[in-house]
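The structure appears below as structure tokens.
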Protein chains: 2
Amino acid sequence: MLLENPTKQAVVTTADKVFEQLQYAIVEGEMTAGSKISEPELAKRYQISRSTLREALNRLEKCHLIERKANVGSRVVDCTIEGLLELYITREALEGMACRQAAINMTDEEIADMQAMLAKHAGDKALQEGVAYYQEKGDVDFHYKVILGSHNQQLINLICGQLYHLVRMYRCQFGMHSSRATRAFTEHTNIMQAISDRDGELAELLMRRHIAASRKNIEAKIAQQNSVIK
Amino acid sequence: MLLENPTKQAVVTTADKVFEQLQYAIVEGEMTAGSKISEPELAKRYQISRSTLREALNRLEKCHLIERKANVGSRVVDCTIEGLLELYITREALEGMACRQAAINMTDEEIADMQAMLAKHAGDKALQEGVAYYQEKGDVDFHYKVILGSHNQQLINLICGQLYHLVRMYRCQFGMHSSRATRAFTEHTNIMQAISDRDGELAELLMRRHIAASRKNIEAKIAQQNSVIK
DNA sequence: GCACTATAAAGTGTCGACAATATTGTGGTA
DNA sequence: TACCACAATATTGTCGACACTTTATAGTGC
């Protein structure tokens with residue numbers, strides 16, 4: 001199950017392919033978070049030269065999946081609670097604004113397209129109450145379309161090209177299958193309504209609340225776990 | 001006049017040095033926006049191998065100062081009106097949120113420090129009414145401190161590590177010396193007040209208005225120029 | 001004269017080797 | 001035993017050469 005990224009560019013070179021494989025490996029946790037990366041070892045495993053590997057590593061660094069220090073080496077990023085919450089706060093800012101811009105800039109066709117998608121998801125949802133998988137995929141689809149709908153290349157690059165790799169990583173590693181699927185679907189519907197009403201202010205507000213709700217949901221879970229441990 | 005970037009990491013390797021020089025050259029317009037980059041030529045000019053140059057180019061791509069296409073080459077990014085406006089909208093979202101977080105997370109010492117800085121700027125301002133230079137520098141200082149004050153590594157990296165390179169580029173290339181210096185200073189003061197009151201909501205609102213005002217100022221200028229041409 | 005193809009030139013991607021730097025291990029001294 | 005200095009090892013940074021792709025050029029047929 002590979003969620004397609006709309007900003008993904010054609011893979012032609014070997015470095016591209018290795019980048020994709022490594023990206024997958026990091027996101028899925030095959031390369032454990034926080035672990036050190038040995039260039040010679042990885043190069044050997046993927047049967048490529050170190051130059052090519054370093055090219056791939058550079059791209060991983062671009063999406064914040066690894067961190068490099070000069071003359072020392074690279075590490076897979078660490079997944080921490082603080083990092084996750086910071087990510088949500090950043091998403092709230094960026095996706096909120098993207099949603100406002102979407103309300104302004106989306107074409108009528110794009111809006112109709114999204115409404116059709118939501119209607120389809122509604123059908124799926126009715127069929128399989130509470131099943132997370134489709135909702136997960138639907139969630140990502142919805143958010144991607146809103147972001148692309150902003151028609152703001154700067155926002156699109158930042159969110160889809162960088163932030164969402166990390167989002168997917170946290171999703172996988174923390175095993176986050178939204179426990180608020182039906183709730184989220186309702187919120188999506190309301191956001192869609194604001195967009196089609198061309199109400200940018202409301203659209204932004206609703207998107208921010210939507211993301212903030214997810215964050216608070218996580219914070220609550222964490223707090224709960226901690227109190228149990230104590 | 002090189003505005004220091006708080007996220008700048010120590011320059012040790014040759015690629016680091018070349019990266020800095022190229023960055024400077026692009027921002028200042030010595031390498032014209034939109035122009036193609038020849039790896040062999042640049043490598044020769046800086047007396048380094050292509051591998052090292054490519055390492056530097058990778059970092060330039062990371063701050064969105066150049067764009068690469070596989071098997072074709074790199075170009076310096078283009079400075080367009082649309083790009084500038086998109087940048088401002090992104091800043092509005094990110095710096096707005098950073099300001100909210102700053103109101104929550106800044107230490108009392110940091111707040112006192114910023115207030116002292118503003119007081120100093122007020123003195124400068126009284127001395128040299130309307131002189132843009134100090135205000136320019138002061139503006140950047142102020143915004144950097146707010147962003148760092150958010151204590152959100154994600155936001156700090158995105159804004160200081162990436163967005164602000166582009167901001168500086170546009171500033172240089174479009175020759176933008178704020179025509180609303182005293183106005184901006186007042187706005188900074190008000191933002192500072194909201195932060196020291198720990199009023200995150202207001203702090204975000206004011207920062208967003210502050211940036212939106214700059215954007216509208218530019219939009220107005222553009223519209224004016226266009227009407228003159230017609 | 002124009003379009004299309006084949007060929008040459010230039011440019012980017014990849015490789016393996018060497019140089020510079022960091023890390024580890026060892027021995028000696030207080 | 002703890003600590004420091006120094007040597008050995010491993011890892012990263014840099015280099016020049018080769019392979020493959022794209023682009024420019026010349027030539028041929030219609």
With each end axis built from five pairs of C1' atoms, what bend angle do you get for the helix from C/dG1-D/dC30 to C/dA30-D/dT1? Round to 10°.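 The end-segment axes of the helix from C/dG1-D/dC30 to C/dA30-D/dT1 are tilted 10° relative to each other.
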
How would you list, by chain and number, every residue that makes a side-chain contact (heavy atoms from CB on, under 4.5 Å) with [X], sequence neighbours excluded?
X        : answer
B/Gln153 : A/Glu86, B/Ile156, B/Asn157
B/Ser51  : B/Ser49
B/Ser74  : B/Ile37, B/Leu57, B/Ile66, B/Arg68

Contacts of [X] that satisfy salt bridge (charged side-chain N to carboxylate O under 4.0 Å, His left out) - sequence neighbours left out:
X        : result
B/Arg198 : B/Asp108
B/Asp78  : none
B/Glu39  : B/Arg50, B/Arg54
A/Glu30  : none

Nearest-Å distance, [atom1] ([X]) to [atom2] ([N])?
X       : N      : atom1 : atom2 : answer
A/Glu55 : C/dT14 : CD    : P     : 7 Å
B/Leu57 : C/dG13 : CG    : P     : 10 Å
B/Lys69 : D/dT21 : NZ    : P     : 17 Å
A/Phe19 : C/dG13 : CZ    : C1'   : 17 Å
B/Ile66 : C/dT12 : CD1   : C1'   : 13 Å
B/Asn71 : D/dT22 : CG    : P     : 5 Å
A/Asn58 : D/dT12 : CG    : C1'   : 13 Å
A/Leu42 : C/dT14 : CG    : C1'   : 17 Å

Can you label the angle between the B/His188 ring and the B/His210 ring as parallel, tilted or perpendicular, going by 30° and 60°? perpendicular

Tell me which residues in residues 44-54 of chain A lie within less than 4.0 Å of DNA chain D, going by non-hydrogen atoms.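 When residues 44-54 of chain A is checked for heavy atoms under 4.0 Å from DNA chain D, the hits, listed by number, are A/Arg50, A/Arg54.
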
List the atom pairs, donor and acceptor, that lie under 3.5 Å between side-chain atoms in residues 110-118 of chain A and the rest of the protein, sequence neighbours left out.
residue  : atom : partner  : partner atom : Å
A/Glu110 : OE1  : A/Thr107 : N            : 2.9
A/Glu110 : OE1  : A/Thr107 : OG1          : 3.4
A/Glu110 : OE1  : A/His151 : NE2          : 2.9
A/Glu110 : OE2  : A/His151 : NE2          : 3.1
A/Asp113 : OD2  : A/Lys145 : NZ           : 3.4

Starting the side chain at C-beta, find the nucleotide from D/dG13, D/dT14, C/dT23 nearest to A/Ala70. D/dG13

Can you sort out the partners of A/Tyr88 under ring-ring contact (aromatic ring centres under 6.0 Å, His included), two or more places apart, ordered by chain and number? none

Under 4.0 Å from OP1 or OP2 of C/dT12: is there any side-chain N or O of A/Thr13 that close?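 Checking C/dT12 against A/Thr13, no side-chain N or O comes under 4.0 Å of OP1 or OP2.
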
Just to be sure I understand the geometry, which residues of residues 32-41 of chain A put a non-hydrogen atom under 4.0 Å away from DNA chain C? none

Would you call A/Glu204 and B/Arg208 a salt bridge, using N to O less than 4.0 angstrom?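 So A/Glu204 pairs with B/Arg208 through a salt bridge.
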
